[in-house]
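Given the structure is predicted, the values throughout are model-derived calculations rather than measurements.
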Amino acid sequence: MRKVELRAGVFLAPFHPLDERPSLAFERDLELARYADELGFEEFWFGEHHSGGYEISASPELMIAAAAQRTKRIRLGTGVASLPYHNPLMTANRIAQIDQLSFGRVIFGAGPGLLVSDAHMIGLDARESRDKLDIGLSVITRLLRGEWITEKYDGWYDLRDAHCQVLPYQRDLEVCVASTFSPNGGSIAAKYGAGMLCLAATTMGGFDALSTNWKIACDAAARDGRTMDPSSIRCATDIHIAETRDEAMDQVRNGYERYLLYIKNQSEQLAQSPAHKTLEELIETHQIVVGTPDDAIEQIHRLEQKVPDFGCLLILDKNWADTQAKKRSMEMLARYVLPAVNGENRLRQESFDWARANRDGFIDTITSATKRAFEKHAAEAPRDIGVALANR
């Protein structure tokens, strides 16, 4: 039995093939956020990318602003804001504003930036990005608390009496840090009391790094006299489910091949690139789930072995299935997978079993009650007839 109820969310880069109209692609992404809100998913994350052709959302803040107008309760995350690409004051101001627009539903997810091609376009050395993530978080978190900052970083920012004139709607806006393979994510999460976005949770190398990076975070926090909360950890993985495994495979195969064109374009020259992997290979090695609710439950239990009571399962949306099949998969996860993992129907099952175990006694009771009713009616019937005749 879990000590922490597992939440569900969606992590959207997003990935869209080159032949689609961007405006309609964005519209489908926002519709997915609306539907996730309707199903009771608790988080929806939008990415930031600037090159490569497929990952077309350059501003998670703009996507969140639009999604906030179409949703009611779901929390909306920057997944992630690439801190080295922006002036820290401007990032802090955007985060504060979208938190106000959403009435406090924003999660501030931060990372160093994934694509080297993005950093190249603005003249940044991507090898410095992880250090800049730490520095940027230091500045931005202070600004979001209302501090005034005068500080300079040559080649990046020169802040003079910098402050946010509007603070976030939330007093304690949640911060999350991207964590994949390196120990950097765990140590920074501990430093800032942040959650961890484990975006490679079931990939080769990423799965093994889960427990390692979680231990790094816990040890670092302990040295500062604090503890890490496992409910703040998000584990992201590819999951698409249907009534049968064959049906699920049919729904994603063409989309996977289209997605693979992007991966090949980025890294086909590398022998270990995922560009060379088939769906079957990824499924067999537990890197993805394409199957049934039972397969999804099994994957969650595998993740729990690495980080017990991790807080949120994020479905990585890579646009493999069409919108209707994707929605059905999300619905099945909400209807069948989460209740099984969280034990939501435990008392219903106990009541069901109890009713079966005692059914003979209950049937005897109702049979006896029915017999008594007939006997009472028979005993009172002559008197009732006599009264009726006397009144004629």
Contact between [X] and [Y] at the side-chain level, heavy atoms closer than 4.5 Å - yes or no?
X: K132; Y: L124; value: yes
X: L159; Y: N87; value: yes
X: L30; Y: M63; value: yes
X: D295; Y: T292; value: yes
X: I107; Y: R234; value: yes
X: E243; Y: M332; value: yes

Under 3.5 Å, side chain of [X] to main-chain N/O of [Y], donor-acceptor pair present?
X: T278; Y: E281; answer: yes
X: D322; Y: A325; answer: yes
X: T203; Y: A200; answer: yes
X: N342; Y: E344; answer: no
X: R258; Y: H16; answer: no

Going by atom types only, do [X] and [Y] share a side-chain donor-acceptor pair under 3.5 Å?
X: Y262; Y: Q266; result: yes
X: S231; Y: D229; result: yes
X: H301; Y: E304; result: yes
X: D364; Y: T367; result: no
X: E48; Y: Y85; result: no
X: N265; Y: Y54; result: no
X: D353; Y: Q349; result: yes
X: R105; Y: T71; result: yes
X: E147; Y: H163; result: no

**Asked** So D224 and K191, salt bridge (Lys or Arg N to Asp or Glu O under 4.0 Å) or not? Walk me through it.
**Response** CA-CA 8 Å; D224 292 335; K191 181 176 181 178; over 6 Å; no

Of [options], which is the lone residue that meets side chain to side chain contact (heavy atoms under 4.5 Å, CB included) with [X]?
X: W45; options: I64, L12, L197; result: L197
X: F44; options: V10, D317, I315, D29; result: V10
X: L313; options: I239, V337, V341; result: I239

**Item:** Derivation of the side chain to side chain donor-acceptor pair (under 3.5 Å) call for Q251 and H240
**Value:** CA-CA 9 Å; Q251 290 171 355; H240 181 81; 2.6 Å; yes

Taking NZ, NE, NH1 and NH2 as the nitrogens, is one of them in [X] or [Y] under 4.0 Å from a carboxylate oxygen of the other?
X: K215; Y: D219; result: yes
X: E280; Y: R253; result: yes
X: R302; Y: E298; result: no
X: K72; Y: D37; result: no

Looking at [X], I'd like to know if its [atom1] atom is crowded, meaning that more than 12 non-hydrogen atoms belonging to other residues, nucleotides or ligands lie closer than 6.0 Å.
X: R73; atom1: CZ; value: yes
X: E375; atom1: CD; value: yes
X: H120; atom1: NE2; value: no
X: Y169; atom1: OH; value: no
X: R142; atom1: CZ; value: yes
X: Q97; atom1: CD; value: no
X: R28; atom1: CZ; value: yes
X: F374; atom1: CZ; value: no

**Message:** Using 30° and 60° as the class boundaries, would you call the ring planes of Y153 and W156 parallel, tilted or perpendicular?
**Reply:**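 The arrangement is perpendicular - the two ring planes meet at more than 60°.
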
**Item:** I263/S273 under side chain to side chain contact (heavy atoms under 4.5 Å, CB included): CA gap, chis, key distance, verdict
**Value:** CA-CA 8 Å; I263 305 303; S273 168; 4.3 Å; yes

**Request:** Could you walk me through whether D158 and R160 pass salt bridge (Lys or Arg N to Asp or Glu O under 4.0 Å), step by step?
**Result:** CA-CA 7 Å; D158 184 3; R160 306 171 189 179; 2.9 Å; yes

**Message:** Is there a salt bridge (Lys or Arg N to Asp or Glu O under 4.0 Å) between K327 and E38? Walk through the geometry before answering.
**Reply:** CA-CA 11 Å; K327 283 185 172 182; E38 181 180 306; over 6 Å; no

**Request:** In sequence, state the C-alpha distance, the side-chain angles, and the governing distance for R7 and E43, and then conclude on salt bridge (Lys or Arg N to Asp or Glu O under 4.0 Å).
**Result:** CA-CA 8 Å; R7 311 184 301 278; E43 299 179 5; 3.2 Å; yes

**Message:** Run F108 and I140 through side chain to side chain contact (heavy atoms under 4.5 Å, CB included) and show every step you take.
**Reply:** CA-CA 10 Å; F108 174 36; I140 293 167; 3.6 Å; yes

